[in-house]
Amino acid sequence: MKKALVTTLAAVTAASMISAACMAEDNEKYLTMIPNYDNAVGTFAQGPNGEEAVPADDVELTEEQYAAAKEMNLTLAMLWAGAGEWYNGMSDGAKSECEKMGIEIVTTADAEFDPALQATQIETALSLSPDIILTLPVDPTSGTAAYQPAVDAGTKIVFADNSVDDYVGGEQYVAVCTGDQYGMGRTCAQLISDAIGGQGKIGIIYYEADYTVTNNRDNQFVRSILEDYPDIEIASMMGFAEETATGEVASAMLTQNPDLDAIYVSWDVAAEPVVAEIRAGGYDTKLVTIDLGGNNDLEMARGGIVYGKSADMPYQIGATMVKLAVLDLLGEETPTYVVSDSICMTKDNIEESWLAAMNCEPSEDVLKALEN
């Protein structure tokens with residue numbers, strides 16, 4: 001009897017060791033699946049050239065500097081990679097600072113995530129001789145050549161989120177201003193834990209392209225889950241290249257893992273097809289994502305599939321970009337990598353989150369849903 005018991009205990013111990021080894025192997029796999037997984041770990045992500053982050057709240061102008069800016073009769077162009085609420089928030093923040101400084105906005109453009117179109121828009125903007133260009137590059141590689149005419153013209157360039165290859169802050173451009181990507185990844189890990197009561201199975205749908213901003217927050221989400229939430233199992237992790245393809249990814253993930261308690265998706269618009277798949281399949285699965293957006297925020301307000309979100313502060317980012325450009329023009333020393341604040345949003349604080357991040361209220365549909 002004793003021998004049988006010893007044999008049984010040995011078998012259980014061996015099985016546990018194998019299980020632990022498999023889990024460790026899976027964890028290592030998850031930690032290295034997303035591009036740029038080896039970026040430096042810390043409180044904040046580092047800048048494109050290893051710069052330490054400076055909080056956006058630290059970038060301010062004095063009354064005298066605002067007055068000096070008005071005397072310069074500056075002009076500015078806004079050349080964004082895409083369109084939507086997030087870009088509108090940046091534009092509104094930039095416009096608020098332009099009004100304070102008497103800066104004329106000579107053109108605003110949306111490149112529709114097309115590098116060739118963005119290159120053309122840069123050329124068109126330069127024909128208007130702007131002193132400042134605020135922009136989000138579509139493609140860091142082709143952007144090196146696309147922005148060179150602006151560099152050659154002496155235009156002050158401030159990037160949102162990403163720089164372009166081989167450019168250095170303080171040389172070809174003034175600064176990169178972005179959100180707290182690591183902070184948003186950590187916040188989403190906390191939200192998904194809250195959504196499932198601290199334990200259960202989750203899926204991760206991450207952006208598989210080499211794009212530092214999304215890579216940083218996706219990677220930090222994975223690190224946070226594995227390091228801080230031992231009772232949460234990553235059951236599936238799949239990438240996507242096009243935001244419209246996430247529905248197919250979610251369908252495959254849920255077919256293979258119909259018992260998923262929650263799914264993390266890299267950003268809001270990419271999460272919409274995932275919400276649709278969860279609803280169509282009748283799955284009891286919650287969703288957490290990043291960025292504000294009308295459709296998913298309405299789903300959240302109704303107490304539906306979307307449990308929570310983290311987001312940066314696009315209004316603050318846009319305003320800070322203008323401040324950085326003007327300070328540089330005034331001959332002041334400026335940081336080259338700046339991060340905005342971030343928010344943690346659930347149904348309980350949707351209205352407050354929109355006011356903080358976008359300086360406006362959510363849609364009427366969302367407000368009405370919150371009243372019910």
Side-chain angles (χ1 to χ4, degrees), residues 56 59-112 117-138 143 146-164 167 169-179 312-338 340 358-360:
V59 180
E60 289 294 344
L61 276 70
T62 64
E63 291 184 11
E64 292 77 14
Q65 288 169 331
Y66 274 110
K70 282 186 177 180
E71 295 296 322
M72 298 174 74
N73 297 315
L74 299 170
T75 58
L76 176 148
M78 293 190 286
L79 308 177
W80 304 134
E85 285 99 340
W86 189 80
Y87 289 96
N88 292 342
M90 278 202 302
S91 294
D92 289 344
K95 289 173 184 176
S96 71
E97 286 299 314
C98 287
E99 289 174 4
K100 294 176 185 177
M101 301 186 218
I103 299 174
E104 179 188 359
I105 299 173
V106 294
T107 186
T108 301
D110 159 21
E112 301 174 10
L117 177 57
Q118 186 164 67
T120 299
Q121 291 171 344
I122 293 168
E123 291 181 8
T124 302
L126 288 174
S127 70
L128 301 172
S129 302
D131 299 294
I132 301 165
I133 290 179
L134 309 184
T135 185
L136 198 161
V138 173
Y147 287 98
Q148 191 60 46
V151 175
D152 294 340
T155 307
K156 297 298 181 181
I157 303 170
V158 182
F159 291 118
D161 275 357
N162 278 334
S163 176
V164 297
Y167 280 23
E171 296 181 14
Q172 290 87 358
Y173 65 93
V174 176
V176 172
C177 191
T178 186
D312 56 19
M313 312 279 272
Y315 188 90
Q316 183 185 44
I317 290 172
T320 304
M321 292 173 77
V322 177
K323 293 176 185 178
L324 287 163
V326 170
L327 285 169
D328 189 84
L329 284 164
L330 290 172
E332 301 291 339
E333 185 175 349
T334 57
T336 58
Y337 186 66
V338 179
S340 76
M358 308 290 282
N359 199 44
C360 68

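Scope of the values below: all heavy atoms of this structure, side chains included, with no hydrogens, waters or symmetry mates.
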**Student:** Who passes salt bridge (Lys or Arg N to Asp or Glu O under 4.0 Å) against Lys100, sequence neighbours left out?
**Tutor:** Glu97
**Student:** CE of Met321 to NZ of Lys323: how many Å apart, nearest 0.5 Å?
**Tutor:**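 Atom-to-atom, Met321:CE and Lys323:NZ are 13.5 Å apart.
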**Student:** Begin from the C-alpha positions of Val326 and Leu74 and carry the test side chain to side chain contact (heavy atoms under 4.5 Å, CB included) through to its verdict.
**Tutor:** CA-CA 9 Å; Val326 170; Leu74 299 170; 4.1 Å; yes
**Student:** Do Leu327 and Val59 make a side-chain contact, defined as non-hydrogen atoms from C-beta onward lying under 4.5 Å apart?
**Tutor:** yes
**Student:** Please tabulate, for side-chain N and O atoms in residues 118-125, each donor-acceptor pair with protein atoms closer than 3.5 Å (sequence neighbours left out).
**Tutor:**
from: Gln118; atom 1: OE1; to: Val138; atom 2: N; distance (Å): 2.8
from: Gln118; atom 1: NE2; to: Leu136; atom 2: O; distance (Å): 3.0
from: Thr120; atom 1: OG1; to: Ala116; atom 2: O; distance (Å): 3.2
from: Gln121; atom 1: NE2; to: Asp110; atom 2: O; distance (Å): 3.0
from: Thr124; atom 1: OG1; to: Thr120; atom 2: O; distance (Å): 3.0

**Student:** Does any part of the side chain of Lys95, heavy atoms only, come nearer than 4.5 Å to the side chain of Ile105, both counted from C-beta?
**Tutor:** yes
**Student:** Met313 and Ser340: which non-hydrogen atoms are nearest, and at how many Å?
**Tutor:**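 Where Met313 meets Ser340 most closely, the heavy atoms are N-OG, 3.4 Å.
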**Student:** Decide whether Tyr173 and Thr336 meet the rule of one side-chain donor and one side-chain acceptor closer than 3.5 Å.
**Tutor:** no
**Student:** Work out which heavy atom in Ser96 is nearest to a heavy atom in Ala319; give both atom names and the distance.
**Tutor:**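 Nearest heavy atoms, Ser96 then Ala319: OG-CB, 4.4 Å.
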**Student:** At their closest point, which heavy atom of Leu329 faces which heavy atom of Met72, and how far apart are they?
**Tutor:** CB-CE, 3.9 Å
**Student:** Is there a side chain to side chain contact (heavy atoms under 4.5 Å, CB included) between Met101 and Leu61 once you walk through the steps?
**Tutor:** CA-CA 11 Å; Met101 301 186 218; Leu61 276 70; 3.9 Å; yes
**Student:** Can you measure from CD (Gln316) to SG (Cys177) and round to the nearest 0.5 angstrom?
**Tutor:**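 Gln316 CD to Cys177 SG: 7.5 Å, rounded to 0.5 Å.
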**Student:** Is the closest side-chain heavy-atom distance between Thr178 and Tyr337 below 4.5 Å?
**Tutor:** yes
**Student:** Please find the pair of heavy atoms, one from Gly179 and one from Asp161, that lie closest to each other, and give the distance.
**Tutor:** N-OD1, 4.1 Å
**Student:** Is it the case that Trp80 and Ser91 place a side-chain donor and acceptor less than 3.5 Å from each other?
**Tutor:** yes
**Student:** Would you name the heavy atoms of Met78 and Leu76 that are closest together and state the gap between them?
**Tutor:** CG-CD2, 3.6 Å
**Student:** Does Lys156 have any salt bridge (Lys or Arg N to Asp or Glu O under 4.0 Å) partners at least two apart in sequence or in another chain, and if so, which?
**Tutor:**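 Per chain and number, Lys156 pairs via salt bridge (Lys or Arg N to Asp or Glu O under 4.0 Å) with Asp328.
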**Student:** Do Ile133 and Leu126 have side chains that approach each other closer than 4.5 Å (heavy atoms only, starting at C-beta)?
**Tutor:** yes
**Student:** Would you say the ring centroid of Tyr147 lies under 6.0 angstrom from that of Tyr167?
**Tutor:**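 No - the distance between ring centres of Tyr147 and Tyr167 does not fall below the 6.0 Å cut-off.
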**Student:** Find out whether Val322 and Ile103 are in side-chain contact, i.e. whether some heavy atom of one side chain is under 4.5 Å from a heavy atom of the other.
**Tutor:**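 The answer is yes; the side chains approach within 4.5 Å.
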**Student:** May I have the step-by-step check of side chain to side chain contact (heavy atoms under 4.5 Å, CB included) for Asp312 and Trp86, ending in yes or no?
**Tutor:** CA-CA 9 Å; Asp312 56 19; Trp86 189 80; 2.8 Å; yes
**Student:** Between Pro130 and Thr75, which heavy-atom pair has the shortest distance, and what is it?
**Tutor:**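 In terms of heavy atoms, the two residues are closest at CA-OG1, 3.2 Å.
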**Student:** Would you compute the distance between atom CD of Glu104 and atom CG of Asp131 and round it to the nearest 0.5 angstrom?
**Tutor:** 10.0 Å
**Student:** Quick one: OH on Tyr87 to CD1 on Ile317, what's the gap to the nearest 0.5 Å?
**Tutor:**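 Rounded to the nearest 0.5 Å, the OH-CD1 separation comes to 11.0 Å.
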**Student:** Give the intermediate values and the outcome of side chain to side chain contact (heavy atoms under 4.5 Å, CB included) for residues Val338 and Leu324.
**Tutor:** CA-CA 9 Å; Val338 179; Leu324 287 163; 4.0 Å; yes
